[in-house]
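The analysis underlying the following values was restricted to heavy atoms, covering all of them including side chains, and did not include hydrogens, waters or symmetry mates. In listed order, ligands and their atoms are each counted from 1. None of the values given here were measured: they were computed from a predicted structure.
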Amino acid sequence: MADIIKLLPDHVANQIAAGEVVQRPASVVKELLENALDAGATIIKLIVKDGGKALIQVVDDGVGMSATDARLSFERHATSKIQKAEDLFNLNTKGFRGEALASIAAIAHVEMQTKPEVDEVGTHIKIEGSKVVFQEVAVTPKGTSMAVKNLFFNIPARRNFLKSNQVELRHITDEFHRVALAHPSVSFHFYSNGSELFNLPDDNYRKRIVHIFGSRTNEKLVPVEEETPIVKISGFITKPEYAKKSRGEQFFFVNNRFIKSPYLHHAVVAAFEGLIKADTFPGYFLYLEVDPGSIDINIHPTKTEVKFDDEHTLYAILRSTIKHSLGQFNVAPALDFEHDQNLETPYEFKNKSAIQPHVTVDADFNPFQETVKTSFKPTYQKQNSKGWESLYVGLESKMGSIDVGNSISFESDTITGSIFEGEKEVNESVATTFQIRRKYIVTSIKSGMVVIDQSRAHQRVLYEKFLKNSTVKEAVSQQLLFPFTVTFSRSEINTLREIQDVLLSIGFIFEEIKDESITVTGVPLLVAESEVGMILDQLISDYQQEVNGESFSQSDILSKTLAKTLAVKTGEVLDDQSQIALVNDLFACTDATVSPFNKPVYITITENDIDKKFI
Ligand code: ADP
Ligand code: MG
């Protein structure tokens, strides 16, 4: 048989390797920013166009390159940063593989101008798909400017795979945040399509964080500081009351390199245990310094994962350091979410014996009136007979036309007002719905019964409402008497601008959107004014996450988020009217069977099923 194995030509090998290093414009941004930092730059400018698809340019004032180095830097495995394998264990630079420029040059049009400080003139090189098409001596300032144009111009499949400019810009911004947070002593400028997104002067860590995430961040931060023989920890955590439902501002840096570590994340969350609600996350900006020899950053091509020698000890130190900070800043005891306020005895009543509540029976009492707040326990017989009756009533015929007018009478003198309003063990009155474990609503139907998950049902109802709202021209909204201002970070404001139209269509009204704040003058029906900040936070972060994920429609994402945020939750007590209303609304939905998040909303148990249990 003839020999068939051939070595791939360099440019093909480079293109293949590029796939590993460059997934999207943000990867290029990361590599170029890191190169600028490795070159000792003090001022770095990042310029992008069309989400980096048209242009990514990084200009630095670092050491620059000689003409020979300028040419060599685009060769694979060309690096000035390590010479022998042992150097890998004492890395102080971001890069070391010597792959980035070779990879980028294989899949884009690259133009570089560079000059070391001592040289009179610099070098200007153009490379397209690994081929040098131009090289000349040039007059250029000290440092390096690297412009990457038309990314993936020769790999259409990859180019088509890129998301919208907005989404790519968001990935770039994330990358920019990570680099800028790790290097507060370097000043950064970031421009997109001609407008300045960030202008970060050199500063300390705290100010850098605040510059990036907005002035309101300052009050949220609690400093963290610890030094042990194996690790030095510094940085900030956010106060527990600012914990968010979404993972957002969570950053670990090891030796000034951003890393992802689910394990260390767990250590931080563990330190917050008991201080924040189960489904919320603290924010953190934690800088770890360890001996470069004790970590291996070589295990991931894009280098965001790190292997530590002694992970367990690190975990323990991190957790106790954060606990200590939380305690020291006296934020620990201020909050107790587990505590049920309903069960709290007001101070004045402590040590006094309970007074039997007195209830005057109102003959015109109608439990279905909105204003009724006190609940009553009817006698056993009453309940019993009603329970039996309801087994025979069809939901369809009963719902919406419940006639209670004269069917209520209180026959017993054992009537007591419920002490804890709404906390009913047994579902009373004539309603055909029951709430079980503050979680499910049970109601009878012709064929048996349905058990409805209250939270999912409400999500479905609200979701359809908002979605419908967003398709009609004039959304229903409540005008606020006193407009108020909510502050956000710049990137949050950018997102708000993106989704502004849809927010309007579901009923938000904004008077003004500034760089770091918005003025709200109207909110959708059902949204309480006090919740607006929280809801917008949630909308922004869900939107950012969704968009980073799969295909989407803005109004769908926002309706889902609003539904999730506003729906009654498991654990909430629903009075009879609310239960009935919910059941009615649910079955009026286009698709009552699943929640907006594709979870079953209710199950039916037929009479047959029940009969079988009694065999
Ligand atoms: P690595 O960073 O892993 O060494 P790169 O392909 O990113 O590999 O860069 C190759 C080399 O080019 C670097 O080692 C460095 O010597 C040089 N270089 C790249 N960018 C710059 C820059 N902005 N300023 C000075 N030198 C640079
Ligand atoms: Mg590099």
Heavy-atom contacts with [X] under 4.0 Å: which atoms of ligand 1 show up? List them by number with element.
X	result
Ser73	10 (C), 12 (O)
Ala100	6 (O), 7 (O)
Thr79	1 (P), 4 (O), 14 (O)
Glu99	6 (O), 8 (O)

Check: Would you say the ring centroid of Phe188 lies under 6.0 angstrom from that of His183?
Finding: no
Notebook entry, point to check: When the ring centroid of His177 is compared with that of Phe213, is the distance short of 6.0 Å?
Noted result: yes
Next item on the list: Could you tell me whether some N/O pair between Asp38 and ligand 1 is separated by less than 3.5 angstrom?
Entry: no
Given [options], which one has a non-hydrogen atom that is nearest to [atom]?
atom	options	result
atom 9 (O) of ligand 1	Leu33, Thr114, Leu101	Leu101
atom 3 (O) of ligand 1	Ser145, Ala39, Gly143, Gly98	Gly98
atom 21 (C) of ligand 1	Glu34, Met65, Met146	Met65
atom 5 (P) of ligand 1	Val59, Leu72, Asn35, Asp60	Asn35

Margin query: Just by distance, no angles: are the side chains of Asp310 and Thr313 close enough, under 3.5 Å, to form a donor-acceptor pair?
Written below: yes
Checklist line | NZ/Lys149: more than 12 non-hydrogen atoms of other groups inside 6.0 Å | finding: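 No, because the 6.0 Å sphere around NZ of Lys149 holds 12 heavy atoms or fewer from other groups.
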Check: Counting heavy atoms not belonging to Lys244, are there more than 12 under 6.0 Å from its NZ?
Finding: yes
Margin query: What I want to find out is whether Asp537 reaches Arg216 closely enough, with some N-O distance under 4.0 Å, to be called a salt bridge.
Written below: yes
Next item on the list: For the pair Lys232 and Glu226, find out whether any cationic side-chain nitrogen is under 4.0 Å from an anionic carboxylate oxygen.
Entry: no
Notebook entry, point to check: So, Asn35 and the Mg ion (ligand 2): N/O/S under 2.8 Å, yes or no?
Noted result: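 For Asn35, the answer is yes, given that an N, O or S atom comes within less than 2.8 Å of the Mg ion (ligand 2).
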